[in-house]
Every structure is written in C-alpha cells, then in structure tokens.
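Structure first, commentary second.
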Amino acid sequence: MAASPLDPISPTSWTFAETYVVEDDVLLAARARAEEVGAVAVGSGAGATLRFLAAVLEARAVVEIGTGAGVSGLWLLRGMRPDGVLTTVDVEAEHQRLARESFRDEGIAPQRVRTIAGRALDVLPRLTDGHYDIVFADGDKREYGAYLAEALRLLRPGGVVAFDNALWHDRVADPAQRDDETVAIRALTQEVTATDGLVPLLLPVGDGLLLAKKEWVPEGDD
Ligand SMILES: C[S@@+](CC[C@H](N)C(=O)[O-])C[C@H]1O[C@@H](n2cnc3c(N)ncnc32)[C@H](O)[C@@H]1O
Ligand SMILES: [Mg+2]
C-alpha cells in the first residue's frame, strides 16, 4: 500500500533528521553537565532549529526561560548576531553556574549573556516590553500559558516565541493524559492557534517545538 503523508516516519529517518547537525565537544560537555543535575537539555534537532531561527531573525536580543546547563543557550548564541545578548532565567543558581562554564568553553564574551537567577514569573515582568526578537520557553510546563502572555509583551512585532516539549513525550496528543503539565501544554497549543496576531507552527522535532510569530502591526494601527 502506498505511504500516506500522515504515516509516521521510521525511527531510522527520525534519528537521521535529529542528528543531521552534529554536536561538537563544547555542546557535548554542556550536555554532560546538564545530565549531572537533571536539567534535561534540548536535543540536537531542536537546538539546530533554535540556532536557525536566531540566524534567520538576525537576533540581537533573546530571552530564555530555563537556562539549565546552557545547551539551548549555546545553540541560540550560535545563531544570534555576534553582538547579540542572551538573557536567560533559571530558578536554580547551580544550573546557571554550569551554564556559565559552557559559555566560557565556547569563548562567549561575558557581556553577551545576562543570567538572572529567580522564578520566571517574578523575573519576566521586569524585562523591557517589545525589546526581544525571540522568547524561548523551557521552564515549568505548568506555567507555559503565563509565559505566552509575557512573551507577547516582550517580543517586538515580527519576533517569535518558541516552547520546548510541546508534545510532552506523546502525552499532549492523548486526551486520556490529564496530569497538570500535560493539561497546561495542551491548553497552550490551543491558545496559540486561537490568538489573533500569531502565526503558529508545531514542529515535531525532538519532543516538539511550538513556534508562533508575532505579526507585524501595520503602521497607524494600535
Ligand atoms: C528542561 S531544563 C532547561 C534546559 C535548557 N533549556 C537546555 O535545553 O539546555 C528546565 C530548567 O528550568 C528551570 N526552572 C524550572 N521551573 C522554573 C521557574 N518557575 N522559573 C525559572 N526556571 C525554572 C529548572 O531549574 C531547569 O534548569
Ligand atoms: Mg525541554
């Protein structure tokens, strides 16, 4: 029988696509630090997607929610403009200490990374409206709806919000799964498509990356 466009790709092709962009020693060392503390890092497929996004947008200013040990931060910094600044928030100061080691390994100038230790919903309201090209969310999944509201305020028109783990280990697509994190991510996926002024895309890369572009507002409109 002929394959339908909705047939899942084989595990072989999935692995080929996920690992198409090969990680170097700096990323592998960051990944090892992440494993030490259980800060689950984005896979190389999602990482390469974040780098691509930052490169396409020529990003100067990015907010990251959930620094971990710096794996996603490294990918973002590699795509951003050479003078771009990553502002990254994590409730665990120890995770951020490891991330700073990862950024040092990469030779990133210290002024290019602003690490802020604290709970995302305490820190984000202090950041400047409309200043950021990308907001990448990978913190507390139960707070994803609140992160969307903050991201829409923080992004410049034309900026993009990205949520990691949008498929949440196959649970989001399964209505029988009703734990708090799954319910929150499922609600987010619905809210993103229902919100005017967003261009949504759910990429089945890694554990799912939900993207939404904040549309340009024509001049003269509110
Ligand atoms: C999945 S890990 C981040 C991994 C990282 N983005 C990467 O790919 O390398 C999630 C991180 O979010 C942090 N976190 C959890 N809840 C948070 C909150 N409410 N505010 C800020 N950070 C939070 C955790 O301490 C952890 O380091
Ligand atoms: Mg994640």
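Every number for a ligand or one of its atoms is a count from 1 in the order of the listing. If you read the sequence from its start, that first residue is 1, and numbering goes on from there.
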TODO: With salt bridge (Lys or Arg N to Asp or Glu O under 4.0 Å) as the test, would you mind laying out the steps for Asp133 and Arg81 before giving the verdict?
DONE: CA-CA 11 Å; Asp133 304 297; Arg81 288 170 55 108; over 6 Å; no
Open item on the list: Quick test of your reading of the model: are Arg104 and Glu101 salt-bridged, counting only N-O distances below 4.0 Å?
Closed with: no
Task: Closest protein heavy atom (residue, atom, distance) for atom 20 (N) of ligand 1 - done: Ala120 N, 2.9 Å
Open item on the list: Taking N, O or S atoms only and a limit of 2.8 Å, check whether Asn165 reaches the Mg ion (ligand 2).
Closed with: yes
Open item on the list: For Arg119, is there an ion pair with Glu143 - N to carboxylate O distance below 4.0 angstrom?
Closed with: yes
Task: Taking atom 10 (C) of ligand 1 as the reference point, the nearest protein heavy atom with its distance - done: Asp138 O, 3.2 Å
TODO: For atom 12 (O) of ligand 1, grab the closest protein heavy atom and report residue, atom and distance to one decimal in Å.
DONE: Gly66 CA, 3.5 Å
Task: Atom indices of ligand 1 within 4.0 angstrom of Arg119 heavy atoms, with elements - done: 19 (N), 20 (N)
Open item on the list: One thing to verify: whether Asp105 and Arg33 come together as a salt bridge, which I'm taking to mean a side-chain N less than 4.0 angstrom from a carboxylate O.
Closed with: yes
TODO: Report yes if some heavy atom in the side chain of Leu210 is under 4.5 Å from a heavy atom in the side chain of Tyr144; otherwise report no.
DONE: no
Task: Minimum-distance pair of heavy atoms, taken over all atoms of Ala120 and Val89 - done: CA-CG1, 4.1 Å
Open item on the list: Which atom name would you report as the N, O or S atom of Asp138 nearest the Mg ion (ligand 2)?
Closed with: OD1
TODO: Just jot down the ligand 1 atoms closer than 4.0 angstrom to any heavy atom of Val71, in number order.
DONE: 9 (O)
Open item on the list: Quick test: of every protein heavy atom, which one is nearest to atom 15 (C) of ligand 1, and how far off is it to 0.1 Å?
Closed with: Asp140 N, 4.1 Å
Open item on the list: So, of the N/O/S atoms that Asp164 has, which is the nearest one to the Mg ion (ligand 2)?
Closed with: OD2
TODO: Looking only at protein heavy atoms, identify the closest one to atom 24 (C) of ligand 1 and say how far it is in Å.
DONE: Asp90 OD1, 3.4 Å
TODO: Starting at CD of Glu64, measure out to OG1 of Thr115 and round the result to the nearest 0.5 Å.
DONE: 11.0 Å
- [ ] Kindly confirm whether the Mg ion (ligand 2) is within less than 2.8 Å of some N/O/S atom in Asp207?
- [x] no
TODO: Mark up the atoms of ligand 1 that fall under 4.0 Å of a heavy atom belonging to Glu92, in ascending order.
DONE: 25 (O)
Task: Option of least heavy-atom distance to atom 9 (O) of ligand 1 (set: Ser102, Ser72, Ala117) - done: Ser72
- [ ] Run the contact test for Gly47 against ligand 1 with a 4.0 Å cut-off on heavy atoms, strictly below, and give the result.
- [x] no
Open item on the list: Would you compute the distance between atom CG of Leu167 and atom OG1 of Thr182 and round it to the nearest 0.5 angstrom?
Closed with: 11.0 Å
Task: Within-4.5 Å side-chain heavy-atom neighbours: His131 and Leu154 - done: no
TODO: Below 4.0 angstrom from a heavy atom of Val42, which ligand 1 atoms are there? Numbered from 1 as shown, please.
DONE: 7 (C), 8 (O)
Task: Closest approach of any protein heavy atom to atom 1 (C) of ligand 1, naming residue and atom - done: Val40 O, 3.0 Å
Open item on the list: Testing the basics here: between Val172 and Arg186, what is the closest heavy-atom pair and its distance to 0.1 Å?
Closed with: O-NE, 2.9 Å
Task: Contact atoms of ligand 1, heavy-atom distance to Gly139 under 4.0 Å - done: 12 (O)
Open item on the list: Assess, by modelled atom type and distance only, whether the side chains of Thr67 and Gln96 contain a donor and an acceptor separated by less than 3.5 Å.
Closed with: yes
Task: Residue selection (non-hydrogen contact nearest atom 21 (C) of ligand 1) among Val37, Val91, Thr88 - done: Val91
- [ ] For ligand 1, indicate whether the residue His95 contacts it via side chain, backbone, both or neither (heavy-atom separation under 4.0 Å).
- [x] side chain
- [ ] Pick one of side chain, backbone, both or neither for how Thr67 approaches ligand 1, counting any non-hydrogen atom pair under 4.0 Å.
- [x] backbone
Open item on the list: As an exercise, state the distance from CG of Asp138 to OH of Tyr147, rounded to the nearest 0.5 Å.
Closed with: 9.5 Å
